[in-house]
Visitor: 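Supplied in structure tokens, the structure appears directly below.
Fair warning: this is a prediction, and the values are worked out from it, not measured in the lab.
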Amino acid sequence: MFPKIMNDENFYNKDVTREEWQQGLSQDDHHRSGIRFARRVRLPRIFGLAAMFFPIAGALVAQAPPGGWWLLLVGWAFVWPHLAWQLAYRAADPRVSEMNNLKADAIVAGVWIGLTGVNVLPTAALIILIGMNTMGAGGIRLFTAGAIMTTIAALVTLQLTGVSPGFTITPLELWLALPVMVLYPLFFAWVSYQTAIRLAEHKRRLELMSTRDGMTGVFNRRHWEILLRNEYDTCRRAHREAAILIIDIDHFKSINDTWGHDVGDEAIIAVTRQLQLTLRAGDMIGRFGGDEFAVIMSGTPAESAIAAMSRVHERLAVLTLPCAPQVRLRISVGVAPLTEEFCHYREWLKAADVALYKAKNAGRNRTEVAA
């Protein structure tokens, strides 16, 4: 079933193909990614440019430039960060727009370097700020491009304004520039740390989604079979006992047909809950899809697995579903202990499946062991 985005009236136009719809989804993802990228750059730019106002202003006092330069400085330090965000946010491709904004930052930084006569401390602070922003956003490629743009802009500004490079340091410039040079790297590191935390959480959620069944929270079939393969290899090397169980809810189709899929879902969740309450924390429960479950019990002989399933049978015998008290949940279980006869983990799994059908053929609501 397609996501709800397909409810857009354009999708129902017969001229819209599945490939075009998927391309639209890809473009939406790209746009959202660009917005997130621009948002990450926004806060460092606001803080950094506002902080740079003071060391640049302190250096410009000695040059006494026309008033227009002061207006440009105020706009660059306090207005441009918000304008840059709006330009990126409203752009068709926010990432490209934000990359252009960063290049604009580098060019304007070169203008201030030239206008202040390459004053040492403001220049150093600007290089640190622009360098960290470009390196953090685009790596060495954007950093190199930004450095070249800053250098060219500084040389052009020196040529056009006739300002002579001074390379001077005054106590005022020192006290205005030093806080920026110390605090901005710390602030940038904090923003990077917050981003790393969010990315780690996003990765954790993706991993959880890729390994867990959405309804029950136990392992999905693909991941459970990976665990089974690893357990098989480990037990064979260490000569350790293990057993796997295949579990099926008896007459599940009848429950769905009689009471509806909502009750069927409640039944699946109830059985999952009883397995989690009865089995050990280290036992690996997976959902094979539908009403079928599988369990890996490491270091467990067949007798212990049967005893555990007996407790599950007992708990289910007195369990009632709140939404359908008349329904009685029963399960059939096939148990397969690991033996030397299995040359592949799939043979082990097949043995448990055969035991499950043996339990069903014997009348259901029981546990059978592979011969």
Side-chain angles (χ1 to χ4, degrees), residues 213 215-216 218-256 264 267-319 328-371:
D213 173 64
M215 179 188 295
T216 61
V218 299
F219 296 116
N220 58 35
R221 177 165 186 166
R222 183 188 62 83
H223 188 69
W224 186 89
E225 287 206 29
I226 293 174
L227 297 175
L228 176 63
R229 181 186 62 198
N230 295 341
E231 182 68 18
Y232 173 82
D233 293 338
T234 300
C235 290
R236 289 294 293 266
R237 286 194 304 266
H239 302 287
R240 190 174 66 196
E241 288 185 306
I244 58 175
L245 300 82
I246 303 294
I247 303 164
D248 193 78
I249 301 177
D250 293 334
H251 305 294
F252 181 73
K253 186 177 184 304
S254 176
I255 296 175
N256 266 339
I268 290 171
I269 294 171
V271 170
T272 304
R273 180 62 174 163
Q274 296 309 312
L275 290 173
Q276 291 172 325
L277 289 172
T278 306
L279 301 178
R280 300 169 302 181
D283 294 331
M284 292 169 277
I285 306 171
R287 184 184 176 201
F288 268 30
D291 60 321
E292 196 168 51
F293 298 86
V295 181
I296 303 171
M297 301 185 72
S298 181
T300 304
E303 295 77 13
S304 298
I306 294 171
M309 285 299 101
S310 295
R311 294 193 295 272
V312 175
H313 284 295
E314 292 171 1
R315 297 177 71 111
L316 289 175
V318 296
L319 178 70
R328 291 292 179 263
L329 293 179
R330 302 291 183 264
I331 59 174
S332 296
V333 185
V335 179
L338 181 60
T339 67
E340 296 293 333
E341 298 175 359
F342 301 132
C343 299
H344 194 275
Y345 79 90
R346 289 193 177 276
E347 295 181 7
W348 188 17
L349 183 59
K350 178 65 176 178
D353 199 43
V354 170
L356 170 63
Y357 280 97
K358 181 180 175 182
K360 285 187 171 294
N361 292 333
R364 292 185 169 87
N365 192 27
R366 59 191 298 122
T367 299
E368 293 288 346
V369 182

Visitor: Below 4.5 Å, heavy atoms only, C-beta onward: do V218 and Q276 meet side chain to side chain?
Guide: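 Of all side-chain heavy-atom pairs linking Q276 with V218, at least one is under 4.5 Å.
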Visitor: Locate the shortest heavy-atom distance separating L319 from A270; write the atom from each residue and the value.
Guide: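 Residues L319 and A270, closest heavy atoms: CD2-CB, 3.9 Å.
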Visitor: Sort and list the pairs that fulfil side chain to side chain donor-acceptor pair (under 3.5 Å) and have at least one residue in residues 350-371, not counting sequence neighbours.
Guide: D248-K360, H313-N365, H313-T367, R366-E368
Visitor: Can you see which heavy atom on E231 is nearest to which on A242, and at what distance?
Guide: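 Between these two residues, the closest heavy atoms are OE2-CB, 4.0 Å.
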Visitor: Would you indicate whether the side-chain heavy atoms of H239 and L338 approach each other to under 4.5 Å?
Guide: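 Counting from C-beta outward, L338 and H239 never come under 4.5 Å.
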Visitor: I'd like to know whether CZ of R273 has more than 12 heavy-atom contacts from other residues, nucleotides or ligands below 6.0 angstrom.
Guide: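 Counting other residues, nucleotides and ligands, CZ of R273 stays at 12 neighbours or fewer.
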Visitor: Rounded to the nearest 0.5 Å, how far does CD1 of I285 lie from OG1 of T216?
Guide: 9.0 Å
Visitor: To the nearest 0.5 Å, what is the distance between CD (E314) and OG1 (T278)?
Guide: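 The CD atom of E314 sits 9.5 Å away from the OG1 atom of T278.
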Visitor: Quick one: are F293 and I268 in side-chain contact, heavy atoms under 4.5 Å?
Guide: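 They are in side-chain contact.
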Visitor: Side chains of R240 and T234: donor-acceptor distance under 3.5 Å anywhere?
Guide: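 Short answer, no.
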Visitor: Is R221 paired with E225 through a side-chain N to carboxylate O contact shorter than 4.0 Å?
Guide: yes
Visitor: Check for a donor-acceptor pair, side chain of Y345 on one end and backbone N or O of D233 on the other, with a separation under 3.5 Å.
Guide: no
Visitor: Check the orientation of W224 and F288. Use parallel for under 30°, tilted for 30 to 60°, and perpendicular for over 60°.
Guide: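 Rings of W224 and F288: perpendicular, over 60°.
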Visitor: State, to 0.1 Å, how close A243 and A305 come at their nearest heavy-atom pair, and which atoms those are.
Guide: CB-CB, 4.3 Å
Visitor: Side-chain contact, heavy-atom cut-off 4.5 Å: L228 with W348?
Guide: yes
Visitor: Taking atom OG1 of T300 and atom CG of D283, what is their separation to the nearest 0.5 Å?
Guide: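 That separation rounds to 5.5 Å.
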Visitor: Looking only at heavy atoms, what is the nearest atom pair of F252 and A267, with distance?
Guide: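 Closest heavy-atom pair between F252 and A267: CE1-CB, 4.4 Å.
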Visitor: If you round to the nearest 0.5 Å, how far is CD1 of I331 from CG of L316?
Guide: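 If we round to the nearest 0.5 Å, L316:CG and I331:CD1 are 5.0 Å apart.
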Visitor: With side chains defined as the heavy atoms from C-beta onward, is the minimum distance between V333 and I306 less than 4.5 Å?
Guide: no
Visitor: From R328 CZ over to D250 CG, what is the distance, rounded to the nearest 0.5 angstrom?
Guide: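 Nearest 0.5 Å value for the CZ-CG distance: 14.5 Å.
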Visitor: Taking side-chain contact (heavy atoms from CB on, under 4.5 Å) as the definition, give me every residue that meets it alongside A307, ordered by chain and number, with sequence neighbours left out.
Guide: R311
Visitor: Measuring only between side-chain heavy atoms, which start at C-beta, is R315 closer than 4.5 Å to V271?
Guide: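 Not touching, per the 4.5 Å side-chain cut-off.
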Visitor: Using a 4.5 Å cut-off on heavy atoms from C-beta on, say whether the side chain of E340 contacts that of R236.
Guide: yes
Visitor: Looking only at heavy atoms, what is the nearest atom pair of A302 and V369, with distance?
Guide: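 What the structure gives for the nearest pair is CB-CG1, 4.3 Å.
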Visitor: Quick one: pull up CD1 in I247 and CD in E292 and give me the separation to the nearest 0.5 Å.
Guide: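 Rounded to the nearest 0.5 Å, the CD1-CD separation comes out at 9.5 Å.
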Visitor: Heavy atoms only: give me the nearest S298-R280 pair and the separation to one decimal.
Guide: O-NH2, 3.1 Å
